[in-house]
Amino acid sequence: MPDLAAPLIEWYRDNARDLPWRRAGFGAWGTLVSEFMLQQTPVSRVIPLLEAWLERWPTPADLAAAPPADAVRHWANLGYPRRALWLHRAAVEIRDRHDGIVPRDVDDLLALTGIGDYTARAVAVFAYGDRHPVVDTNTRRVLARAVDGRSQPGPAAKRDLADMSAILPASVPDAAVVNAAAMELGALVCTARAPRCEACPLSDRCAWRAAGYPDTGDTRVKQARYEGSDRQARGAVLRVLRDAPAHDVASTDVVPDWPDLVQRDRAIDSLVADGLVEAVYGRLRLPR
DNA sequence: CATGCGTGGTT
DNA sequence: TAACCAAGCAT
């Protein structure tokens with residue numbers, strides 16, 4: 001396999017975006033919060049809410065001391081509000097089990113609510129500078145093309161970590177840069193839809209390019225239609241509860257004009273099951 | 001391993 | 001303009 005690390009490091013030095021979580025001294029808590037928010041939400045929508053969040057809750061203990069409802073409310077329209085609940089739970093776990101300090105050990109990080117293979121290693125590498133493979137969807141696409149000669153990556157798999165490890169340099173700081181650079185390249189150049197191969201530092205050693213950009217198929221799962229979905233109904237219910245001035249609404253007054261009231265009630269039930277909503281005496285509210 | 005889970009910008 | 005896409009996770 002050709003060396004991918006050296007050109008990635010050089011390219012990153014000249015092309016990395018100036019993002020808040022890359023500032024010196026941003027802190028492990030800031031990194032952790034940013035990674036939660038970036039799970040499936042674009043950078044441009046995360047930045048303003050991240051900064052407001054960290055001003056309000058500068059440490060894990062600050063968030064842990066707040067009711068979960070505040071976390072869900074301040075998550076605003078970032079989407080997938082379960083992440084707000086999970087981040088709050090993780091803050092409580094960090095306070096109770098780690099003396100309020102974001103853990104550095106990958107297994108300790110993996111044990112926190114809402115943290116999986118990607119986020120655990122992203123915190124260990126980007127906040128603490130340790131040497132681990134960090135694999136997100138951008139990295140998987142870069143490796144699928146440059147190494148495997150495929151047009152799109154397959155579904156995420158455990159194997160991805162070993163594949164990334166195979167291109168990491170021995171130097172600890174260099175390995176961190178390569179992790180960041182692979183993600184950044186996938187975000188800016190080796191994109192899903194219209195890759196800018198003419199601007200790619202790996203073009204002279206890319207297996208997909210060498211093979212003539214074959215369409216090797218796309219096994220990624222398509223997102224279900226949003227319009228009319230239960231997810232849309234859940235979003236509408238939760239929006240009402242987030243914005244309720246009294247923080248408390250009668251069940252029957254939540255999106256009463258929803259076109260399918262069976263679906264609305266199913267959405268409420270599932271939100272209660274997820275812990276995102278509490279039902280008390282026929283009224284609904286965010287969890288305290 | 002497949003599925004469900006928000007929201008809004010881009011093509 | 002409907003479909004696509006976005007630093008995943010738990011179950």
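Chain A is the first sequence line, chain B the second, and so forth, proteins listed ahead of strands; every chain is numbered from 1. What's counted below: heavy atoms across the whole structure, side chains too, no hydrogens, waters or symmetry copies.
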A/D265: side-chain contact (heavy atoms from CB on, under 4.5 Å) partners, not counting sequence neighbours: A/I268
Assess the side chains of A/Y118 and A/E35: does a donor N or O sit below 3.5 Å from an acceptor N or O? yes
Applying side-chain contact (heavy atoms from CB on, under 4.5 Å), name anything that partners A/V189, two or more places apart in sequence or on another chain. A/W11, A/L185, A/R196, A/C200
Verify side-chain contact (heavy atoms from CB on, under 4.5 Å) between A/R82 and A/R234, making sure each step is shown before the conclusion. CA-CA 11 Å; A/R82 293 192 293 194; A/R234 283 168 56 106; 4.3 Å; yes
Lys/Arg-Asp/Glu bridge criterion (N-O < 4.0 Å) met for A/R73, A/D70: yes
Along DNA chain B (nearest heavy atom to each residue), the more 5'-positioned of A/R193 and A/A156: A/A156
Contacts to DNA chain C from residues 214-221 of chain A, heavy-atom cutoff under 4.0 Å, which residues? A/R220
Look at all strands and tell whether A/S44 reaches a base, only sugar-phosphate, or nothing, counting heavy atoms closer than 4.0 Å. nothing
Return the 5'-most residue of the pair A/K158, A/N77 with respect to DNA chain B, ranking by each residue's nearest nucleotide. A/K158
Assuming nearest nucleotide by heavy-atom distance, tell me which of A/T113 and A/R22 is located more 5' along DNA chain C. A/R22
Any residue of residues 231-255 of chain A with a heavy atom less than 4.0 Å from an atom of DNA chain B: A/R231, A/R234, A/G235, A/R239, A/R242
Check every strand shown and say whether A/Y226 touches a base, only sugar-phosphate, or nothing at a heavy-atom separation below 4.0 Å. base
Between A/Q40 and C/dA6, is there a contact of a side-chain N or O with OP1 or OP2 at under 4.0 Å? no
Judged by nearest nucleotide, the residue sitting upstream toward the 5' end of DNA chain C, A/G186 or A/T119, is A/G186
Below 4.0 Å: OP1/OP2 of C/dC5 and any side-chain N or O of A/T191: no
Mind checking if A/R141 touches a base, just sugar-phosphate, or nothing, with heavy atoms under 4.0 Å? sugar-phosphate
Can you tell me whether the side chain of A/E227 and the base of C/dA3 have a donor-acceptor pair closer than 3.5 Å? no
Which nucleotide in C/dC4, C/dA7, C/dG8 has an atom nearest any side-chain atom of A/K222: C/dC4
Looking at every strand, decide which applies to A/L19 at a 4.0 Å heavy-atom threshold: base, sugar-phosphate, or nothing. base
Tell me what A/A192 touches on the nucleic acid: a base, only sugar-phosphate, or nothing, going by heavy atoms under 4.0 Å. sugar-phosphate
Pick base, sugar-phosphate or nothing for A/D117, based on heavy-atom distances below 4.0 Å to the nucleic acid. sugar-phosphate
If you look at every strand shown and take non-hydrogen atoms under 4.0 Å, does A/R225 touch a base, only sugar-phosphate, or nothing? sugar-phosphate
Footprint ends on DNA chain B, 5' to 3', for atoms under 4.0 angstrom from a heavy atom of chain A, come out as B/dG4 to B/dT11
Return the OH to CG distance between A/Y281 and A/D248, rounded to the nearest 0.5 Å. 12.5 Å
Would you classify A/W75 as touching base, sugar-phosphate or nothing, given that sugar-phosphate means primed atoms plus P, OP1 and OP2, and contacts are heavy atoms under 4.0 Å? nothing
Keeping to residues at least two apart or across chains, list the side chain to side chain donor-acceptor pair (under 3.5 Å) pairs with something in residues 90-102 of chain A. A/E93-A/T113
